[in-house]
Amino acid sequence: MKRDELQKLLKDMSLEEKIGQLVQIPGFMIEKGAVLTGPAMEMGFTEEDLFNAGATLSVFGFDRIKEIQDDFMAHQPHHIPLLFMGDIINGYRSVFPIPLAQGCTFDPALAGQLAAMSAKESSASGLHVTFSPMVDLVRDARWGRVMESTGEDTYLNSCFAKAVIEGYQGKDVADADSVAACVKHFAAYGAPEGGRDYNTVELSERTLLDDYLPSYHAAVDAGTEMVMTSFNTINRIPASGNAFYMKDVLRKQWGFNGVLISDWAAINELITNGICREKEEAATLAINAGVDMDMCTPVYASSLKKLVEDGTVSEDLIDESCMRILELKNRLGLFEDPYHHADNRNADEVILCREHRELCLKAAEESIVLLKNRKEILPLAKEGLEIAFIGPYADNKRLHGVWSMLAEEEDTVTVRQGIEEIAQNNTVTFAKGCRLLDKKYPLYGFRGRVEEEDVDDEELLLDAMTKAKRADVVVMLLGEHPCHSGEAGSRADIRIPKPQRRLLKAIAKVNSNIVTVLFHGRPLDIRGVDRRSKAVMAAWFPGIEGGRAVARLLYGETAPSGHLAMSFPYCVGQVPVHYDSFTTGRQYTGNDENRFQSKYLDIPNKPLYPFGHGLTYTTFDYTDVELSGDTVTPTTDITLNAKIKNIGNRAGTETVQLYIRDLYGSVVRPVRKLKGFKRITLNPGEEGTVSFVINREMLRFTRADMTFDAEPGDFYAYVGTNSATERHLKFTLTE
Ligand code: NOJ
């Protein structure tokens, strides 16, 4: 539709119709065609609201979507198509590693390919919008939603935000293989106090500006069609009613012209948050603050008409929001084709096709992080060993992460299946060893209580012990349940569940050659695991090809290359922990006899494994690390070059990381900040050069006077394999 046609359409629409476009109805309320069911009525939606609605979510499968779309369009006075949205977080049916694992690839281009694959399967199945990516910066492993972010670093998150949005949206959202992206949760949802979901966020303005906001900004610059608000407060004002951040920052400063949707019921929650007394006040605050669409509550639907009629809310505001929603529908091409090409396609041809499975495998292999490998116990020899694979993840199909609603167990390759494909000349045995969950702590997931098969604990343990005793090497497959992370998945104890800790302890008594592979949605407290294992792999929730990826990495069919996108804390008492902390007046010197330093009495300051850490099956030597000059000016950049040589016997990939430290500033500066990273793959004996440009722009920050710019002075450029590298060179920035 041309712009003047859209404008004409808007003019022709009644006020009720325009308000209707601002409403999203949950999919579970629509049954058998577009009939409103019980819960919808209970929530206060009326039949009229339903047929005026602008969008729905979580309706899956093209036949169902088509049935609803046809019914809606037949009833909607101007036959305006409905937007179908859904939470496709890490793949539609071809499920790939969770976002935090993707962050560990340090390979945004790969994440872009994964997003494109996800878009292809989603759009072929009729979806128009995915509620992804989540780009919230995360520093507290207790928060369950760290699994949905690419981690603790501002720059890394921004690179992934851009790549993923471009992957989803392709060249044009109207194309058959594209979906519109919705970046979330604006803003700073990743910093709830104490890691407890939905909790208050308290951040300094500078931390917000320099650390938390850039990834959303990158998403806007990459052209995200939608933005979702967050549940938390910013500066004590709930994000969904925060005019400053939504209007001044997002729209005016960043130029965002797309649709801003509230998170689920977040407008209604302005009431429980103690900001508004009732629905009309909440609707007034949210629409004035810039929220275009109300996700899944009838606050807009039931209040806005009266508010416009009595002059509280201007009709122009309704028109603006409605127009943005119509424009999105138009950019998706829905006025010409309300099914977004899905009726001409056979989704089964794309879903789980060979290329998609291959990409899932590549992503799983690249995202798994080898944390430790003592005495090079890994890779496992393919012949002559007896290996016991023990633990609740030894033969488990739940490798998807909590958001993968369309994942089918039959799609997934378990570790056992992966091992059996490779280890034909090994004697391999498998044992579950114990239940995954602690019976004492019932776990409630998105769909009610998580039930575990009833097992005989003694029998399981005995079987595992017998197999472990005989084996040359024991591989333990342990971890969290997928429902331990994700939304409302906060934990104060971030160890693996007790039955598994007990199992590991028992096995370690009869066999000391232990390799542990972990499945999890967050960095865990793994001190006990680490102590008892010669090697540890963080496999996250790796998706449908996860079992095959783990097997291939264990046997060295491919080499690990993942690096941590989020630090593994020493223990939970240390969180939030992140590599880019600030210098203090009493920096820890390493001398524990001096009490008056910024340190703990009972644990180290350093995390167990720092951001950026990751091993492989070879070693890299860094030589000839040089700067092309020692002075950066507004018009002169310098280049850092480093020669990297593979000095081991196997091919491997190194992720070379550049960090910069600003030695003195008008405000306290972080001890270092990631400014660049590059992956380089080298054969044994091979050498390559990695270069990074250092310019004035990357040295900017929010200064004492709140302006955003660099300050002349001295800097260190660190280069190495993780955020703890000490290898550095000095340079100066002059005016
Ligand atoms: C609430 C979650 O916070 C958000 O991330 C999600 O997209 C919506 N629910 C819709 O399911």
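We use all heavy atoms of the structure for the numbers below, so side chains are in, but hydrogens, waters and symmetry mates are not. In each ligand, atom 1 is the first atom listed, and ligand 1 is the first ligand listed. In what follows, residues are counted from 1 in the order of the sequence shown.
Between Phe231 and His185, the ring planes lie parallel to each other; the angle is under 30°, not in the 30° to 60° tilted range. Relative ring orientation between Phe611 and Phe106 is described as tilted, the plane-to-plane angle lying within the 30° to 60° band. Aromatic ring pairs are classed by plane angle as parallel below 30°, tilted from 30° to 60° and perpendicular above 60°; the pair Trp540 and His520 is parallel.
Contact between Met134 and ligand 1 is absent, with no heavy atom of the residue lying under 4.0 Å from the ligand.
Here the protein heavy atom with the shortest distance to atom 9 (N) of ligand 1 is Asp263 OD1, 3.4 Å. Of the protein's non-hydrogen atoms, the one nearest atom 5 (O) of ligand 1 is His185 NE2, 2.7 Å.
Of all atoms in ligand 1, numbered sequentially from 1 with element shown, those under 4.0 Å from a heavy atom of Leu57 are 10 (C), 11 (O). Heavy-atom proximity to Asp87, at under 4.0 Å, picks out these atoms of ligand 1: 6 (C), 7 (O), 10 (C), 11 (O).
At least one N or O atom of Arg145 sits closer than 3.5 Å to an N or O atom of ligand 1. For the pair Lys184 and ligand 1, the shortest N or O to N or O distance falls below 3.5 Å. The shortest N or O to N or O distance between Trp264 and ligand 1 is not below 3.5 Å.
Residue-level proximity to ligand 1 for Glu487 is carried by the side chain, the only part with a heavy atom below 4.0 angstrom. Looking at Glu148 against ligand 1, nothing comes within 4.0 Å, counting heavy atoms.
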For Asp87 and Lys184, what are the C-alpha separation, side-chain angles and deciding distance, and is it a salt bridge (charged side-chain N to carboxylate O under 4.0 Å, His left out)?
CA-CA 11 Å; Asp87 288 281; Lys184 63 192 190 185; 3.3 Å; yes
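Each of His128, Gln169, Arg331 was compared with Glu225 under the side chain to side chain donor-acceptor pair (under 3.5 Å) criterion, and only Arg331 meets it.
A distance-only check finds no donor-acceptor pair linking the side chain of Lys66 to the backbone of Tyr339 [under 3.5 Å]. Within the 3.5 Å criterion, the main-chain N or O of Gly258 finds a donor-acceptor partner in the side chain of Arg251.
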